[in-house]
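First up is the structure itself, then whatever we jot down about it.
Every chain is numbered from 1, with letters handed out A, B, ... down the list of sequences.
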Number of protein chains: 2
Amino acid sequence: MRFDDRKKRILSAIVETYIRTGEPVGSKTLSEFPEISVSPATVRNEMAALFEMGLLEQPHTSAGRVPSHLGYRAYIDSLMRVKPLTEDEKDGIDALFNISDPDPDKLLADSAEALAEYTGCATVAMTTTPSYVTVEHIDIVPADATTVVLLVIASNGVVKSKVCRLGFRVNTGIADFFRKFAKDRFCGHTLKDISAEFVNAVSIQLGEYSGVFNPLIVGIYELCKEVYDGQYYLGGQEKLLTYNEYSDRALEIMKLISKRDKLGPVIGNNPSGVTVFIGKENSLSQLSGSSLLVARFNIGENDCGTIGLIGPVRMDYSRLIPHLEYFAEKLGTLLSITYQRKTGDENG
Amino acid sequence: MRFDDRKKRILSAIVETYIRTGEPVGSKTLSEFPEISVSPATVRNEMAALFEMGLLEQPHTSAGRVPSHLGYRAYIDSLMRVKPLTEDEKDGIDALFNISDPDPDKLLADSAEALAEYTGCATVAMTTTPSYVTVEHIDIVPADATTVVLLVIASNGVVKSKVCRLGFRVNTGIADFFRKFAKDRFCGHTLKDISAEFVNAVSIQLGEYSGVFNPLIVGIYELCKEVYDGQYYLGGQEKLLTYNEYSDRALEIMKLISKRDKLGPVIGNNPSGVTVFIGKENSLSQLSGSSLLVARFNIGENDCGTIGLIGPVRMDYSRLIPHLEYFAEKLGTLLSITYQRKTGDENG
DNA sequence: TTTAGCACTCATCTCTTTCGAGTGCCAACA
DNA sequence: TGTTGGCACTCGAAAGAGATGAGTGCTAAA
């Protein structure tokens, strides 16, 4: 059976109509489409063929047809006409990022929220840190009689700080000693290396002072871990409630996507551009009723991150895919600037 | 009509049964309660009286009775027997706080999440900063050729830091100059004073360097604002979905409580202990189907915060109120320790 | 004051009927 | 050979009709 041009037009029309209305599409409706304009009976013959080919499904005998997962896949891969973004739409997304001097930590979380608001889907945003990233700089800044600020800078330019309150008074001598000690022990090591065991071993080297300095050592460990773990934020989970597809499954999906160890691996290993997982294509069975659009973005030359949309299988792919792509590109650019090591200035 | 002892026992039984089952309570069920043990007909007479008094409502003629808002109020204010926490329950809550060296910023957010998990309600946690709190200390720490860490310490002990990436190389001289400048201009002022206008005025004093240093000035402003605004976190919003009372209102409530400017004033101005807003007692009309349990806690001597539960009117007050009270007390204690200025050591 | 009795109400459940959108298939037609 | 009109058929959704039963209000007697 040939997947000829008219079959393609009919499949496209079914997908697009079903996305728009949420109702199974019948032969009469389709026959009225100008790009089809054959009788309902002919459409029915074609639909029967598309059903045979596994591209359509039938909720029940006397209902119209809905796209199967294969049908969506064929539509997305080759039939869909992606509408390029209008200048207005681009401006709309640009406006979301129109923040002066964004806080790198908040930018990703805010982006997830903004994207959810913009698309009406739940979103997830994540960054990962390559395993070769090292600790480049460690500092300890006395802020107060017994308070210090710990500072870790990683070789990918990420800076994290943490306030530590200590049980003793920190004078310059103590701070200088610890700073040198910490630099010697941590700098140059990859973040991956800095495990709980590593930290224990370092702590032991402090001998009798081990107990006193332990909060600081642990603090450094936590900062390194935070940098290495990267970020994981959700946005607009409540958007799922607006789709009646989720009437009773929303809670389950919300719980699932909040777990980085579940969703992280799925969205983290994808090529550049937008990857689409339609319904049952998702490796997580709970997502079989949802589609996942994932876009990877690059931060600087080495790091990368992922931002994804979660919504019903019946989502407007032709609109969302280009929007997500543009959004991810913008986000990557902005994060790159934010994290940029201005190494060119080093010698200036 | 006297609100006599038997009426009180019947109202209590209705409230407790309705909370447990979610079904209107009928005279036959009540007559079987050992503490009532009169015939259904007698119970009906009493129920008619309680209805007259506005303490009960009737979903429809042939259904049992449910408590009215007044009924809940009477129950909570004078009838309810609060079950003091068992040692096991106390241990359970203590365990939630069993974190070594908690990060003060994360503690509140984590607490909101833990409380939601523990109670099955949506939660909100907030802190406010008194208007007399001042900027006590400002520091700028070069971390990298063009990166500095800004540090603001407020007089209530809150420390906030922010990484600033600059377009120029920061040497010791520049850092020293700006540190002194910022200290002179900001320290001693209340956080409340540090408005956008204030910051503009300060910026102008930098004359030709105003543009160069502006990101830092703005950074300080943002840090001060962050400290002054305090924190606002939600937890377990998805818990609302587990109550069928919220089948279609969940989205609306979630949107509402995410807005600090809406919910903040309601929960922020309450006396110590647990305050209960039942259904229509809430000033926000969208919460008329929900109850709000709010507990204030003190951080140190001056600051205070609020943690609240949001759930259906039909919530287990006699269990939740003492639990929330104990939770808030623990949270306050832990935050007090975390934020404690060890001023006793200053001269040591 | 309490209680048994009784007629009444009304949401809920189940069963049936009706309705109609949509189908599959066949025969006729271009 | 592909297209179309015709027609019987299917089946979910909506509407209607009882039947059920939990619960009520009221009255009169204990």
Inset, instruction - Would you kindly compare B:P59 and B:S39 by the position of their nearest DNA chain C nucleotide and give the one closer to the 5′ end? - result: B:S39

Legend entry - Nucleotide C:dT23, atom C1' - distance to CD1 of A:I14 in whole Å: 13 Å

Inset, instruction - For A:A63, answer base if it contacts any base atom (sugar-phosphate contacts may also be present), sugar-phosphate if it contacts only those atoms, and nothing otherwise; contact means non-hydrogen atoms under 4.0 Å. - result: sugar-phosphate

Inset, instruction - Quickly work out the B:F51 CZ to D:dG23 C1' distance and round it to whole Å. - result: 14 Å

Inset, instruction - Establish, from distance only, whether the side-chain atoms of A:T123 and A:Y233 form a donor-acceptor pair under 3.5 Å. - result: no

Legend entry - Option from A:L287, A:N270, A:L284 for which side-chain contact (heavy atoms from CB on, under 4.5 Å) with A:F277 holds: A:N270

Legend entry - Electrostatic pair B:E46:B:R6 at N-O distance under 4.0 angstrom: yes

Inset, instruction - Assess whether one donor atom and one acceptor atom, taken from the side chain of B:R44 and the base of C:dG5, lie less than 3.5 Å apart. - result: yes

Inset, instruction - Can you figure out which of C:dG24, C:dT3, D:dT4 approaches the side chain of A:N45 most closely? - result: D:dT4

Legend entry - Spacing of B:E52 atom CD relative to D:dG25 atom C1', expressed in whole Å: 13 Å

Legend entry - Reported OG-to-CG distance for the pair B:S68 and B:L50, which is rounded to 0.5 angstrom: 9.5 Å

Legend entry - Interatomic distance, B:R2 CZ vs C:dT1 C1' [rounded to whole Å]: 14 Å

Inset, instruction - Ignoring backbone atoms, establish whether B:T42 has a side-chain N or O less than 4.0 Å from OP1 or OP2 of C:dT3. - result: yes

Legend entry - Whole-Å distance separating the CZ atom of A:R6 from the C1' atom of D:dT4: 11 Å

Legend entry - For atom CG of B:L56 and atom C1' of D:dT24, their distance in whole Å: 14 Å

Inset, instruction - Take atom CD of A:E46 and atom P of C:dT23, then tell me their distance rounded to the nearest Å. - result: 14 Å

Inset, instruction - Between A:H60 and B:A48, name the one whose nearest nucleotide on DNA chain D is closer to the 5' end. - result: A:H60

Inset, instruction - Round to the nearest Å and state the distance from B:E23 atom CD to C:dT12 atom C1'. - result: 12 Å

Inset, instruction - Report yes if at least one side-chain N or O of A:S27 is closer than 4.0 Å to OP1 or OP2 of C:dT23; otherwise report no. - result: yes

Inset, instruction - Verify the contact: side-chain N or O of B:R65 to OP1 or OP2 of D:dG25, cut-off strictly under 4.0 Å; return yes or no. - result: yes

Inset, instruction - Quick one: label B:T61 by what it contacts on the DNA or RNA (base, sugar-phosphate, nothing), any heavy atom closer than 4.0 Å. - result: sugar-phosphate

Inset, instruction - Look at the side-chain N and O atoms of B:S62 and state whether any lies under 4.0 Å from the OP1 or OP2 oxygen of D:dG23. - result: no

Legend entry - For the student: nearest non-hydrogen atoms of A:S291 and A:Y317, plus distance: OG-OH, 2.7 Å

